[in-house]
Amino acid sequence: MADAPVLRLRGLGWAVRGVPIVEDVSLAVDEGEFLAFIGPNGAGKTSLFNLVSGLCPATSGSIELDGADITAAPVAARARRGIGRTFQTSSLWPGLTVAEHLRLAAQAAAGTGARGLLRRRAEPYREQVDATLDRTRLGHRAEALAGALSHGEKRKLELAVLLVGDPRLILLDEPMAGVSAEEVPALVELIRAVHRDQGRTVLMVEHHMDVLLGLADRLAVMHHGTLLALDAPARLMADATVQQAYLGEAL
Amino acid sequence: MTAVLVGTDGASIVRRMLRRWPLGLLLLLAAAPYSALPVPGLLDGPLGSPGSLQLIALCLIYGGLATSYDLLLGHTGLLSFGHALYFATGLYATDLAMLELHLPFAAAVLAGIGAALLLALLLGAASLRVTGIGFSMVTLAFAQAGAILVQRDPGGLTGGEEGRAVPADRLPGALVGIGNTANLYWIALAYLVLVLAVVRWTVGSPVGRVLAGIRENERRVEVLGLRPYGYKLVAFVIAGGLAGAGGAVYLLLTGGATPQAASSDATLALLVMVVLGGSGTRWGPLLGGLLYTWAAHRLGDLANSTDVAGLPAVLRVPLSQPLFLLGALFVAVVYLLPGGLAKLPARIRTTSPLTSLPASRSVRGE
Amino acid sequence: MGTFVLLACTGLGLGALYFLIAAGLSLIFGLMDVLNLAHGALLSVGGYAAWWAATGGGMSCWLAVPFGTAVGTLAAVLLELALVRPLYGRPREQILATVGVGLAVPALLAGLWGADARPFPQPAVLAGTVRLLGAVVPRDRFLLIAAALLVLLALRLFLARTRYGLIVRAGVADRAMVTALGIDVRRAFTLVFAIGGAAAALGGALAGLYFGSVSPDQGPGLLIFAFVVVVMGGAGSVTGAAVASVVVGLVQQFANYYSAAGLGDLAVVVLLAVLLLVRPGGLTGRLA
Amino acid sequence: MTLLQVRDLRVVIAGSHVLHGVDLDVADTGVTALLGRNGAGKTSTVKAVLGLVPRTGSARLAGRELTALPTYLIVRHGIGYVPEDRGVFPGLTVAQNLRLAERDARPDYPLVHQLFPELKKRERQLAGTLSGGQQQMVAIGRTLLNGNRLIIADEPTKGLAPKVVAEVADALARVAERVPVLLVEQNLALVRRLAGPCTVLADGRTAHRGDTAELLADEPAARRLLGVGTHRPPEGSP
Amino acid sequence: GTAGTAGGGAQAPVRVGLVYSKTGPLAAYGAQYLEGFKAGLDYATQGTGAVDGHRIEYTEQDDAGDPAKAVSEAKDLIGQGYRILAGSTASGVALQVAPIAAQNKVLFISGPAAADKLTGLNAYTFRSGRQSYQDILTAASFLGDAAGRKVTVLAQDNAFGQANVAAVKAVLGGQGASVDAVLAPPDATDLTPFATQAKAARPDLLFVAWAGDTASALWTALNQQDVFATTKVVTGLDLAASYPLFGPAAAKISFLDHYFGGAAGTDVEKAMTAYLAKDGAKPDIFSPDGFTAAQLVVHAVEANHGSVNDTSALAKALEGWSFDGVKGRLTVRAADHALLQPMFQVQLTGTGAAAAPSVLRTLPADQVAPPVTPIAG
Ligand SMILES: Nc1ncnc2c1ncn2[C@@H]1O[C@H](COP(=O)(O)OP(=O)(O)OP(=O)(O)O)[C@@H](O)[C@H]1O
Ligand SMILES: Nc1ncnc2c1ncn2[C@@H]1O[C@H](COP(=O)(O)OP(=O)(O)OP(=O)(O)O)[C@@H](O)[C@H]1O
Ligand SMILES: [Mg+2]
Ligand SMILES: [Mg+2]
């Protein structure tokens with residue numbers, strides 16, 4: 001594994017009109033690591049992802065990617081540097097087809113830019129797109145408009161858009177919410193493959209504990225915007241505070 | 001690109017025919033000046049007469065303008081209320097380059113298009129900093145400022161509400177006089193083809209894919225690592241430049257620059273054309289531009305016809321107002337042809353038993 | 001001093017007129033997200049109905065204005081039921097249909113009563129002037145200001161005391177969900193549209209009084225500034241629209257007077273552009 | 001016996017057949033589960049009952065045919081609905097969101113605030129800025145304000161933290177003592193705990209009707225209908 | 001009509017295209033023009049509608065006030081072989097159609113459009129109405145000796161207003177008056193400040209050049225600010241429907257007038273009034289423009305014995321022609337095609353619907369003749 005951490009947060013905070021939402025979060029993620037976030041609703045997990053991906057401006061602290069400060073970098077610049085994310089509430093292009101989603105994402109990853117004006121829209125991404133459709137079990141819906149997908153299908157498309165671009169640092173925000181029980185194992189396998197076989201660094205928020213337990217190297221517990229604990233899953237699960245604050249009497 | 005139609009044999013023949021028809025139509029249009037075909041009702045004189053050519057040419061220009069506007073509206077999702085400004089810039093700048101700078105015609109046209117491009121770049125760069133209705137209103141503000149300036153006749157340049165006629169002596173001989181209307185017509189046709197080609201190319205290029213993404217969900221595009229601002233600006237400048245070129249052609253056709261071209265009504269008219277024809281479709285804006293322009297010119301004749309004059313007052317009063325007819329036409333189209341003219345074939349197709357269109361397939365141009 | 005007072009008073013009067021016109025637009029555009037380009041037509045209907053009542057119908061002006069408002073409201077209800085209702089959620093086609101009405105109605109009025117301005121009778125009480133700190137201020141400006149304040153108050157009460165504002169705003173965001181809460185969205189939309197139309201018609205009738213005449217394209221002509229006001233104030237914020245109206249009225253009046261070329265209109269549109277570029281949400285900061 | 005009786009419900013959206021005939025009975029007590037894979041048609045069934053999508057067939061609530069009624073009248077018969085995508089209005093505050101849902105003269109705010117104290121705390125926050133789980137709380141809270149005859153909850157626990165899931169489950173159990181609930185859920189553990197009867201959809205049709213506990217105990221049937229084994233808590237369903 | 005020349009279908013008809021505002025903001029002017037044209041045609045052909053056996057047929061085309069539309073219609077007509085065009089209610093239209101006519105060597109007789117630029121514009125363009133300069137000279141006549149007097153122009157800041165300012169400067173400034181202007185933005189809705197500005201300028205003569213929907217508001221403002229107490233106010237009298245718009249100020253204004261029904265008292269006017277009465281119409285400000293246009297057409301055709309092929313011959317026939325028109329003796333000045341004509345000083349009596357004009361003084365054509373602007377090219 002590389003020397004400098006892929007991602008380092010130092011005293012990161014975000015406040016809206018004086019109300020802190022994320023407070024003083026410091027952590028470092030190594031290349032190829034799988035870090036999972038848990039915590040009660042409203043703990044600030046999604047907000048932390050927003051900070052890292054640039055959708056919210058940090059009001060204190062700093063974010064480093066591969067040792068370079070990206071605290072003030074715009075969303076697109078961070079994405080070009082290899083940060084990819086999914087959204088908790090599916091955020092798609094309702095009028096585009098599933099396949100077109102993946103082509104657009106692949107093209108963005110290829111970085112065609114304004115030079116694209118001079119090219120025909122060839123299909124150099126075909127293999128990439130087809131492969132991703134297969135992996136996410138969306139092949140049969142390739143020509144459907146995203147707006148017409150069922151909830152679970154949207155979740156999978158969300159993941160597919162991320163994967164086709166193959167970013168180095170992956171932020172997954174509750175990818176399993178609403179995916180049918182039957183398909184969860186396959187998706188878990190998929191994420192595992194991206195992490196293990198392709199060696200991508202993954203940060204993931206998930207409320208399904210047993211999904212996490214099989215995947216995560218480390219577990220971060222957030223509470224009231226702060227990082228409550230950061231440790232190996234087994235040890236944290238035994239922690240009484242975590243039990244009480246988060247898991248309760250799990251179903 | 002068209003994801004229409006299904007793989008049955010009949011349909012694939014239809015598809016092949018569909019692919020070729022634009023070329024055939026283009027040839028027909030190009031040959032129109034040689035035709036003496038009477039088109040009663042649609043046109044006053046025979047097809048090849050100067051009056052008919054003039055009207056068709058105007059229709060073609062507006063078809064092109066609407067198509068350029070739809071690059072913003074339908075393909076990028078930008079509701080600009082100031083597109084007429086770039087049209088007017090091309091119109092006035094070309095005219096003034098000849099009148100004031102004494103440039104030869106060709107150079108003046110280039111200057112006109114250049115001015116439109118430059119203005120679109122500057123104002124686009126500013127107005128694209130805001131999104132949503134804010135963008136619409138900033139473009140409206142700029143366009144309104146332009147319209148006011150044109151009206152005020154700064155330094156005697158624009159001629160105020162009287163406008164400035166084009167200096168005939170600076171035009172090539174082949175473009176002056178009724179006998180040469182066919183040449184103007186061909187220029188208008190060429191302009192339309194140019195616009196269609198540029199817009200098609202842009203939409204079909206990788207950039208066009210990003211524009212579609214921006215139209216559907218701009219934020220999400222950013223998360224992929226693309227800066228929407230730059231892409232939107234590209235679309236804005238292309239559309240503005242095309243509108244400017246339209247202004248230059250319009251100048252030739254109408255023989256002068258008048259402030260009606262700069263008014264906010266003119267942008268609204270473009271918007272109406274696009275919606276009339278079907279926004280975001282390949283041929284819709286063109287059809288809308290044609291229909292609108294034709295109707296705006298010909299409804300006057302209907303309104304003033306003796307048939308109408310003979311009607312009882314309840315019918316005569318509204319029917320003798322061309323704008324009433326035009327307004328009523330819009331309302332009728334919204335009801336009878338939801339989605340615009342361009343959706344008509346698709347609607348007919350879905351209702352015919354032969355090919356039922358799977359809903360999951362896109363019926364838009366993309 | 002006199003000039004300043006005169007400009008301030010007439011500027012406020014102008015702002016009041018803008019507000020009367022913009023209030024309905026703000027309601028319809030801000031809450032319902034309908035870019036009602038037939039708003040000018042509603043103004044004209046209100047204006048002509050009041051004019052007709054005052055001249056042909058022999059009503060006194062104090063009856064004619066409410067009559068015009070009532071007719072305009074009726075027209076708004078019809079417009080909503082017949083044209084706008086089927087088009088919610090299809091903004092582009094709304095534009096087409098309302099532009100159509102916006103063209104057809106003035107044309108119809110021109111067909112009926114001619115394209116030229118018709119004199120609007122002014123009651124004697126309003127015809128005179130008031131001396132105020134050295135300025136001679138026309139009385140009708142104060143009527144406009146009073147009417148604008150009343151409309152502002154009424155709209156604020158309506159929005160604060162009833163759920164309709166909420167229903168319509170929510171209905172724009174997710175119509176199906178609002179019905180799924182057991183609410184008849186369509187009725188709420190019609191009601192709000194009617195109130196917007198009533199405000200427009202009142203504005204039209206009072207504009208007739210203000211200009212001393214009605215003409216078919218008076219309504220559409222005022223519409224651009226009404227739009228400016230709505231956007232400046234922040235869509236859907238009636239108070240914002242009121243503040244913006246005052247700003248626009250004053251800026252226009254002062255700039256017209258003091259700038260060499262009478263650049264009031266230009267000043268207003270430039271102000272709009274700058275404001276939006278600096279604060280995209282408008283004065284009240286509500287995202288437009 | 002049955003509160004809601006759905007027969008041969010069919011839905012066609014934009015030319016594509018989404019439901020081909022769904023039969024469904026919701027008992028007048030307790031929780032009835034509606035299960036199925038992604039895209040099976042659960043949400044469409046619920047929406048069809050509520051009149052949110054064009055449909056044919058029949059849906060009777062306490063003997064009253066619903067398919068001829070517009071949505072708002074159906075809901076006024078006393079249905080509380082937790083939509084799958086939460087359906088909160090992002091531009092309105094939490095309080096405004098709840099206010100919109102008021103149907104009764106005396107809405108039961110104490111119950112809502114007791115279950116979700118968070119909503120009381122965040123009354124004035126715009127719902128669009130709430131966390132995913134908090135939005136889900138708004139969606140559920142809305143249905144609890146009014147006295148309903150039936151509550152339809154489409155994946156109500158999706159996105160909620162385990163502890164809250166447990167609390168919502170308790171709440172649903174409590175609510176179900178008074179008001180019958182139609183529950184669409186992927187969390188089979190929760191279904192197992194709450195549901196009496198169940199209906200399973202596949203490809204837009206009713207594929208199975210029966211008792212939840214029996215179905216989940218019948219390993220091959222569960223695997224065929226739901227694609228999961230039940231001998232152990234399925235992976236991904238805490 | 002006499003039987004000999006009637007039924008004049010024997011010879012090829014002469015076709016005249018009328019491109020004017022049948023609808024749109026200037027529709028009322030357009031209607032007057034058309035009625036006047038019909039009356040003039042009847043008068044000039046002695047009721048036969050034909051010249052030397054050539055029927056004069058006219059085709060109406062509506063430009064709705066839009067120059068682009070007018071150009072299209074004009075091209076259409078020219079393409080159909082029309083050699084004579086007339087009409088143009090608006091200056092913007094006239095200025096765009098005139099070059100088209102010249103390029104195609106077609107005779108163009110502009111109508112009510114008042115722009116001075118039309119005079120001397122090209123060899124094929126004539127006018128059948130008055131021009132701004134003649135308005136100004138009429139206004140100047142109210143001042144008497146201009147030297148040392150102060151004149152203020154209150155106008156809208158558009159081409160019409162600016163042209164008026166320029167003309168006043170040229171005419172009255174040339175006679176030694178000091179001229180300044182209060183220009184209001186064309187779309188300004190509150191005119192009170194401009195009224196006070198005009199009052200503050202304390203001119204001996206306030207010349208108001210105003211058009212459009214705000215006229216009523218302007219006169220109310222001028223009256224409220226009591227401008228009439230200190231200054232003589234002159235403005236142009238518009239069509240009859242506008243008389244009530246002056247409100248209570250009507251009687252205090254000095255009007256310059258192109259024409260109103262009954263202003264001239266000539267025999268030609270009586271003939272026109274009689275013809276219009278048959279059509280249920282009344283003479284109004286622009287009826288003479290149509291009437292004169294028909295006279296010009298008939299004369300040009302007559303002079304060429306019914307042939308319209310040589311349009312420069314048609315033009316030649318008109319240049320320098322002097323004749324009896326509705327307003328009195330009219331002359332087409334050879335040098336620049338200006339139409340020299342008498343103008344009127346008028347006052348309104350009564351207010352509102354009862355307002356009625358009466359002539360104070362008729363100014364002979366040469367007193368209000370615009371300066372010569374030789375034809376370019
Ligand atoms: N603009 C804002 N104004 C006020 N509060 C906000 C704003 N945005 C977010 N919050 C609050 O910040 C907190 C963090 O939200 P976040 O979405 O990060 O939670 P989360 O950990 O992802 O929760 P969940 O598991 O429910 O998705 C929430 O309590 C939310 O209400
Ligand atoms: N608007 C629509 N247009 C076309 N097809 C649609 C539309 N809405 C849903 N569908 C299709 O109907 C099918 C059923 O969708 P539905 O949302 O009912 O499934 P679901 O059982 O709720 O799935 P999930 O568990 O993923 O929420 C899906 O295949 C979906 O793609
Ligand atoms: Mg979250
Ligand atoms: Mg679902």
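Residue numbers begin at 1 in each chain, while the letters A, B, ... track the order of the sequences. All heavy atoms count here, side chains included; hydrogens, waters and symmetry mates do not.
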Checklist entry - Should E/Thr89 and E/Phe286 be marked as a side chain to side chain contact (heavy atoms under 4.5 Å, CB included) after you check the CA-CA gap, both sets of side-chain angles, and the distance that decides it? => result CA-CA 9 Å; E/Thr89 326; E/Phe286 290 122; 5.9 Å; no
Checking [X] against chain E: side chain, backbone, both or neither under 4.5 Å from a heavy atom?
{"X": "B/Ala257", "result": "backbone"}
{"X": "B/Thr158", "result": "neither"}
{"X": "B/Glu161", "result": "both"}
{"X": "B/Leu55", "result": "neither"}
{"X": "B/Leu251", "result": "neither"}

Among [options], which residue forms the greatest number of heavy-atom pairs with chain E at distances under 4.5 Å?
{"options": "B/Ala168, B/Gly177, B/Gly159, B/Ser49", "answer": "B/Gly177"}
{"options": "B/Gly156, B/Gly256, B/Gly160", "answer": "B/Gly256"}
{"options": "B/Leu323, B/Thr181, B/Leu253", "answer": "B/Leu253"}
{"options": "B/Gln151, B/His297, B/Gln321", "answer": "B/His297"}

Identify the two heavy atoms, one from [X] and one from [Y], that lie closest to each other, and give their separation to 0.1 Å.
{"X": "E/Ala98", "Y": "E/Asn122", "value": "O-ND2, 3.4 Å"}
{"X": "E/Leu77", "Y": "E/Gly17", "value": "CD1-CA, 3.8 Å"}
{"X": "B/Ser68", "Y": "B/Leu242", "value": "CB-CB, 3.7 Å"}
{"X": "B/Ala296", "Y": "E/Lys69", "value": "O-NZ, 3.1 Å"}
{"X": "B/Thr267", "Y": "B/Tyr69", "value": "CG2-OH, 4.4 Å"}
{"X": "E/Asp63", "Y": "E/Ser21", "value": "OD1-OG, 2.9 Å"}

Non-hydrogen atoms of chain B under 4.5 Å away: do they reach the side chain of [X], the backbone, both or neither?
{"X": "E/Thr23", "value": "side chain"}
{"X": "E/Lys117", "value": "side chain"}
{"X": "E/Gln156", "value": "neither"}
{"X": "E/Gln61", "value": "side chain"}
{"X": "E/Ala68", "value": "both"}
{"X": "E/Asn158", "value": "both"}

Checklist entry - Of all of E/Asp76, E/Val106, E/Asp62, which one pairs up most often with chain B through heavy atoms under 4.5 Å apart? => result E/Asp76
Next on the checklist: Let's test your reading of the structure: which of E/Glu73, E/Gln103, E/Lys75 forms the most heavy-atom pairs below 4.5 Å with chain B?
Outcome noted: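 Most pairs with chain B among the choices: E/Lys75.
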Quick check for you: to the nearest 0.5 Å, what is the distance between [X] atom [atom1] and [Y] atom [atom2]?
{"X": "E/Leu121", "Y": "E/Ser110", "atom1": "CG", "atom2": "OG", "answer": "10.0 Å"}
{"X": "E/Asp289", "Y": "E/Ile109", "atom1": "CG", "atom2": "CD1", "answer": "12.0 Å"}
{"X": "B/Tyr191", "Y": "B/Thr67", "atom1": "OH", "atom2": "OG1", "answer": "8.0 Å"}

Checklist entry - Does a donor on one side chain sit under 3.5 Å from an acceptor on the other, for E/Thr59 and E/Tyr82? => result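 Looking only at side-chain atoms, E/Tyr82 and E/Thr59 do form a donor-acceptor pair, the distance falling under 3.5 Å.
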Item to check | Contact listing (chain E partner; residues 83-91 of chain B; heavy atom under 4.5 Å) | outcome: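 Interface residues of residues 83-91 of chain B: none, nothing closer than 4.5 Å to chain E.
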Next on the checklist: Is the distance from the ring center of B/Tyr292 to that of B/Phe330 below 6.0 Å?
Outcome noted: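 That pair passes the under 6.0 Å test.
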Next on the checklist: Go through it in stages, so that I can follow the logic: the residues are E/Thr373 and E/Thr119, the test is side chain to side chain donor-acceptor pair (under 3.5 Å), and I'd like the CA-CA distance, side-chain angles, deciding distance and then a yes or no.
Outcome noted: CA-CA 7 Å; E/Thr373 38; E/Thr119 298; 5.5 Å; no
Checklist entry - Aromatic rings E/Tyr58 and E/Phe37: how do their planes relate, parallel, tilted or perpendicular, breaks at 30° and 60°? => result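 E/Tyr58 vs E/Phe37 ring planes: perpendicular.
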